[in-house]
Colleague: 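Below: one structure in structure tokens.
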Amino acid sequence: MSHLLSIEPLTKEAFAPFGTVIEADPASMRIINGGNTERFHALAEADVVGADARVVINLFRGEPRTFPYALGMMERHPLGSQSFSPLEDQPWLAVVAEDEGGRPGRPRVFLASGRQGVNYGRNVWHHPLMAIGTVSNFLVVDRAGPGNNLEEFFYEAPFIIPDPLPTENIR
Ligand SMILES: NC(=O)N[C@@H](O)C(=O)O
Ligand code: NI
């Protein structure tokens, strides 16, 4: 089995096993504020569990990853979902994996446009934030509160993510 990973375009259908895509989906749009504003309603839902769990809104400023990238670990948050929405129209990578008996399977790498965010479902394996090209800011909605909300897994051998830029190479 090759450890070189391919990069897929992010679509809500392909990402569905892992969470939802946060983008201006016309099907969710309603006109509000007397016609001044388009509301893209309820694109995702924060899912937090446990006593005294709170939904919090954060800013993450990610340094761009360097490529080829040796992906050696994945993480998940058993007590809450986690969303990432880019703030500067910069593409980025959402990396996820199915759970296979309590460990992540082969990672899947999705190239998100600068107008696409994701909400990782609660307890879904993912790689920590992967900005590409330049320092990138993200609005992050996730869980705060008591309890251990981080589980990490380290692969026996790293997977390799090729350079996603220029994005024209993504098929
Ligand atoms: N540690 C932290 O809050 N961030 C990670 O969970 C991540 O997915 O980037
Ligand atoms: Ni995370």
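Please read all numbers here as calculations on a predicted model, not as lab measurements. Counting starts at 1 for both ligands and their atoms, in listed order.
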Colleague: Is it true that some N/O/S atom of Asp142, main chain or side chain, lies under 2.8 Å from the Ni ion (ligand 2)?
Modeller: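 For Asp142, the answer is no, given that no N, O or S atom comes within less than 2.8 Å of the Ni ion (ligand 2).
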
Colleague: Check for a donor-acceptor pair, side chain of Asn33 on one end and backbone N or O of Asn36 on the other, with a separation under 3.5 Å.
Modeller: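 Absent.
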
Colleague: Say whether, by atom type as modelled, one donor and one acceptor occur between the side chain of Glu88 and the main chain of Asn137 under 3.5 angstrom.
Modeller: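 Indeed, once roles are kept as given, a pair shorter than 3.5 Å links the two residues.
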
Colleague: Looking at His77, pick out the N, O or S atom nearest to the Ni ion (ligand 2) and give its name.
Modeller: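 The closest N, O or S atom of His77 to the Ni ion (ligand 2) is NE2.
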
Colleague: With distance as the sole test, does Asp142 use its side chain to make a donor-acceptor pair with the main-chain N or O of Ser83 at under 3.5 Å?
Modeller: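 No: the side chain of Asp142 does not pair with the backbone of Ser83.
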
Colleague: Of all the N, O or S atoms in His126, which one sits nearest to the Ni ion (ligand 2)?
Modeller: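 It is NE2, the N, O or S atom of His126 closest to the Ni ion (ligand 2).
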
Colleague: The Ni ion (ligand 2) and Gln82: any N/O/S contact shorter than 2.8 Å?
Modeller: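 For Gln82, the answer is yes, given that an N, O or S atom comes within less than 2.8 Å of the Ni ion (ligand 2).
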
Colleague: Taking Leu43's backbone N and O only, do any of them form a donor-acceptor pair with Ser28's side chain (distance below 3.5 Å, no angle check)?
Modeller: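 Such a contact is absent between Ser28 side chain and Leu43 backbone.
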
Colleague: Report the residues that fulfil ring pair (Phe, Tyr, Trp, His ring centres under 6.0 Å) with Phe110, sequence neighbours left out, ordered by chain and then residue number.
Modeller: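 Ring pair (Phe, Tyr, Trp, His ring centres under 6.0 Å) check on Phe110 returns Phe15.
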
Colleague: Ring centroid separation for Phe159 and Tyr69, is it under 6.0 angstrom?
Modeller: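 No: the rings miss the under 6.0 Å criterion.
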
Colleague: Hey, is the main chain of Val49 close enough, under 3.5 Å, to the side chain of Arg143 for a donor-acceptor pair?
Modeller: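 Checking the backbone N and O of Val49 against the side chain of Arg143, a donor-acceptor pair under 3.5 Å is found.
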
Colleague: What atom name does the N, O or S atom of Glu75 nearest to the Ni ion (ligand 2) carry?
Modeller: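 The nearest such atom is OE2.
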
Colleague: Counting only heavy atoms not in Ile31, do more than 12 fall under 6.0 Å of its CD1?
Modeller: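 Yes.
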
Colleague: With the criterion set at N/O pairs under 3.5 Å, what does the list of contacts between the protein and ligand 1 look like, atom names and distances included?
Modeller:
{"unit_1": "ligand 1", "atom_1": "6 (O)", "unit_2": "Glu75", "atom_2": "OE2", "d": "2.6"}
{"unit_1": "ligand 1", "atom_1": "6 (O)", "unit_2": "His77", "atom_2": "NE2", "d": "2.9"}
{"unit_1": "ligand 1", "atom_1": "6 (O)", "unit_2": "Gln82", "atom_2": "OE1", "d": "3.2"}
{"unit_1": "ligand 1", "atom_1": "6 (O)", "unit_2": "Gln82", "atom_2": "NE2", "d": "3.1"}
{"unit_1": "ligand 1", "atom_1": "8 (O)", "unit_2": "Glu75", "atom_2": "OE2", "d": "2.9"}
{"unit_1": "ligand 1", "atom_1": "8 (O)", "unit_2": "Gln82", "atom_2": "OE1", "d": "2.9"}
{"unit_1": "ligand 1", "atom_1": "8 (O)", "unit_2": "His126", "atom_2": "NE2", "d": "3.2"}
{"unit_1": "ligand 1", "atom_1": "9 (O)", "unit_2": "Leu129", "atom_2": "N", "d": "3.0"}

